Amino acid sequence: MLRSSTLTQSVTVTCVRHSHRQWFQSIPVNYRFFDAARNSLSSPNSAIFKWKRKANYNRHSSGMGTFTTRALAQPLQNADELIDSVETFIFDCDGVIWKGDKLIDGVPETLDMLRSKGKRLVFVTNNSTKSRKQYGKKFETLGLNVSEEEIFASSFAAAAYLKSIDFPKDKKVYVIGEDGILKELELAGYQYLGGPVGAVVVGFDRYFNYYKIQYGTLCIRENPGCLFIATNRDAVTHLTDAQEWAGGGSMVGALSGSTQREPLVVGKPSTFMMDYLANKFGISKSQICMVGDRLDTDILFGQNGGCKTLLVLSGVTTLAMLQSPNNSIQPDFYTNKISDFLSLKAAAV
């Protein structure tokens, strides 16, 4: 269901039964995503039309169909209007707040301005290498005053998901990942490694190897009911500000390939974290703006949650990628970096 907005529009396209097959084959499905709640999996795909099989497409008995499209993203021109229209801003971190260990210009002043206007700020990252507490230290090192309660990493999401399903404390979790996942599992009261394994959690792991794949595969295939949980499926990540590196999706893909099972994804763009945040803070999702640099995680995360979305071009996605005819994920707005909130605000005044 598309929100009522100056940036979205519904277009009805009618096709007759005898030409439907040919027309359908000429246009690929727009996108699919893994929704933890419905336990279904899919991946971004290119298309002009947003095809949402259940929500936005209906075939009538006459063979006619209705399709919904989203208007192209618009450049952010009036920052005040967007700021005043929401209560909460959710920011991705890498590519939005920092790149590697380098703070992006204008971030401190922008966050201070939003806080001065009474906005709630939340920081959500798919990078599972750190716990919330460890991310808090990184924010502090970069000179940003961000509390642990405002940080939600996919490492935390994995532990939170296990708690949400009352995962037995007598079962252990095999982790393919780094320290962040281990610390969050400890805080949630879960044991990892050894003993009967009831869940395999896979995140970004710079020490990934064949033996981890094999042990994880055995746990998933040989233990009845063993869960396969992924913190995220990001293809690339920024270990430095200079280049992209293979992301957690490569580790998840290896386990998916060997087990022939698809994981339950708890990070973006899954709706699990959005639902968790909305419930924790008592936020109406229509009062949230998701700000990120990736179309298939950040922007899709916001759209899946029914939020407003702002793409910043300071990270992975370029303007050419956004405007490519092969891209079907369109945010409400786009701008160069979050500090444009300050310059566009001044220009409006």
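All values derive from a computational prediction rather than experimental measurement. These numbers come from the heavy atoms of this one structure, side chains and all, not from hydrogens, waters or symmetry mates.
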- Pair Val197-Lys171, side-chain contact (heavy atoms from CB on, under 4.5 Å): steps then yes or no: CA-CA 6 Å; Val197 174; Lys171 287 191 174 182; over 6 Å; no
- Message: Determine whether Val201 and Tyr192 satisfy the following criterion, side-chain contact (heavy atoms from CB on, under 4.5 Å), listing intermediate values before the conclusion.
- Response: CA-CA 10 Å; Val201 176; Tyr192 51 86; over 6 Å; no
- Item | Stepwise side-chain contact (heavy atoms from CB on, under 4.5 Å) check, Phe333 with Leu82 | CA-CA 9 Å; Phe333 301 98; Leu82 176 59; 4.0 Å; yes
- Item | Step-by-step side chain to side chain donor-acceptor pair (under 3.5 Å) determination, Gln74 to Asp332 | CA-CA 7 Å; Gln74 299 295 311; Asp332 292 330; over 6 Å; no
- Please assess Glu87 against Ile288 for the test side-chain contact (heavy atoms from CB on, under 4.5 Å), listing each intermediate value before the final yes or no. CA-CA 6 Å; Glu87 298 175 356; Ile288 298 174; over 6 Å; no
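The ring of Tyr215 has its center closer than 6.0 angstrom to the ring center of Tyr174.
No continuous path of ILVMFWY side-chain contacts below 4.5 Å connects Val291 to Met321, so the two sit in separate hydrophobic clusters. Two different hydrophobic clusters hold Leu187 and Leu193 under the rule that ILVMFWY side chains link at heavy-atom gaps under 4.5 Å. Cluster annotation: Ile165 is connected to Val175 through the hydrophobic network of ILVMFWY side chains, with a link wherever side-chain heavy atoms come within less than 4.5 Å. Residues Val173 and Leu218 are members of separate hydrophobic clusters, defined by side-chain heavy-atom contacts under 4.5 angstrom among Ile, Leu, Val, Met, Phe, Trp and Tyr. No path of Ile, Leu, Val, Met, Phe, Trp and Tyr side chains, each step under 4.5 Å between heavy atoms, connects Ile299 with Val316, placing them in separate hydrophobic clusters.
With a 6.0 Å cutoff to the six-membered ring centre and a 45° limit on the axis angle, Lys172 does not count as a cation-pi contact of Tyr190. Because its NZ or CZ atom is both nearer than 6.0 Å to the ring centre of Phe156 and within 45° of the ring axis, Arg132 counts as a cation-pi partner of that residue. A cation-pi arrangement is absent between Arg120 and Phe89, since the terminal nitrogen or guanidinium carbon is not both under 6.0 Å from the aromatic centre and inside a 45° cone about the axis.
Within a 6.0 Å radius of CG in Asn145, other residues, nucleotides and ligands contribute 12 heavy atoms or fewer. Counting heavy-atom neighbours within 6.0 Å of Asp101 CG, excluding the residue itself, gives a total of 12 or less. Enclosure of atom NZ in Lys137 is not indicated, since only 12 or fewer non-hydrogen atoms of other residues, nucleotides or ligands lie within 6.0 angstrom. With a 6.0 Å radius and a threshold of 12 heavy atoms from other residues, nucleotides or ligands, Glu148 has its CD atom above the threshold. Within a 6.0 Å sphere centred on NZ of Lys163, heavy atoms belonging to other residues, nucleotides or ligands number 12 at most.
At a threshold of 4.5 Å between non-hydrogen side-chain atoms, the residues Thr297 and Arg233 do not count as touching. The shortest distance between side-chain heavy atoms of Phe152 and Leu277 falls below 4.5 Å. When side chains are defined from C-beta on, Gln287 does not count as touching Thr88, because their heavy atoms never get closer than 4.5 Å. Residues Val96 and Ile104 form no side-chain contact, since every pair of their non-hydrogen atoms from C-beta on lies 4.5 Å or further apart. In this structure, Asp80 and Leu344 have side chains that are not in contact, with every pair of non-hydrogen atoms separated by 4.5 Å or more. Counting only heavy atoms from C-beta outward, the side chains of Tyr334 and Thr317 never approach each other to under 4.5 Å. Residues Phe228 and Leu264 have side chains not in contact (no heavy-atom distance under 4.5 Å, counting atoms from C-beta outward). Val86 is listed as a side-chain neighbour of Lys308, based on a closest heavy-atom distance under 4.5 Å.
Lys285 has a carboxylate O that lies under 4.0 Å from a charged side-chain N of Asp275, or vice versa, which qualifies the two as a salt bridge. Ion pair Glu150/Arg115 flagged as a salt bridge, since at least one NZ, NE, NH1 or NH2 atom sits closer than 4.0 Å to an Asp/Glu carboxylate oxygen. With respect to Asp205 and Lys212, a salt bridge is recorded, a charged nitrogen being found less than 4.0 Å from a carboxylate O. Under the 4.0 Å criterion applied to side-chain N and carboxylate O atoms, Asp105 and Lys337 are not assigned as salt-bridge partners.
Contact between Val200 and Cys219 at its shortest, heavy atoms only, is CG2-CB, 3.6 Å. Across Gly292 and Asp298, no two heavy atoms sit closer than the pair CA-OD2, 3.4 Å. Ile83 and Met113 make their closest contact through CD1-CE, 3.7 Å (heavy atoms, listed as atom of the first residue, atom of the second, distance). Here the closest heavy-atom approach between residue Ile229 and residue Val266 is recorded as CG2-CG1, 4.0 Å. The shortest heavy-atom contact between Phe204 and Ala246 is CE1-O, 3.2 Å. In plain terms, the two heavy atoms of Ile97 and Asp92 that are nearest each other are CG1-O, 3.5 Å.
A distance of 10.0 Å separates CE of Met251 from OG1 of Thr231, quoted to the nearest 0.5 Å. Rounding to the nearest 0.5 angstrom, the gap separating the CD atom in Glu184 from the CG atom in Leu162 is 11.5 Å. In this structure, CG in Leu322 is found 6.0 Å from CG in Asn327, a value given to the nearest 0.5 Å. Taking CG of Asp340 as the reference point, atom CG of Leu313 lies at 9.0 Å (rounded to 0.5 Å). Distance check, rounded to the nearest 0.5 Å: OG of Ser314 to CG of Asn336 gives 8.5 Å. Rounding to the nearest 0.5 Å places CG of Leu310 at 5.5 Å from SG of Cys289.
Between the side chain of Ser155 and the main chain of Lys130, a donor-acceptor pair closer than 3.5 Å is present. The backbone N or O of Ser258 lies less than 3.5 Å from no partner atom in the side chain of Thr217, so there is not a single donor-acceptor pair. With hydrogens and angles disregarded, a donor-acceptor distance shorter than 3.5 Å links the side chain of Glu178 to the backbone of Arg206. Remark: side-chain polar atoms of Thr259 are paired, donor with acceptor, to backbone N or O of Leu255 under 3.5 angstrom. Distance alone, capped at 3.5 Å, is enough to place a donor-acceptor pair between the Thr110 side chain and the Gly106 backbone. Not a single donor-acceptor pair under 3.5 Å links the side chain of Thr271 to the backbone N or O of Met274. Put simply, the side chain of Ser154 never gets that close to the backbone of Ala157: no donor and acceptor are under 3.5 Å apart. With hydrogens and angles ignored, the 3.5 Å screen pairs no side-chain donor or acceptor of Asn223 with any backbone N or O of Ile220. Asn126 contributes a side-chain N or O that, together with a main-chain N or O of Lys268, makes up a donor-acceptor pair within less than 3.5 Å. For the pair Asn127 (side chain) and Thr129 (backbone), a donor-acceptor distance under 3.5 Å is present.
Sorted by first and then second residue, the ring-ring contact (aromatic ring centres under 6.0 Å, His included) pairs involving residues 132-151 (not counting sequence neighbours) are Trp98-Phe139, Phe123-Phe139.
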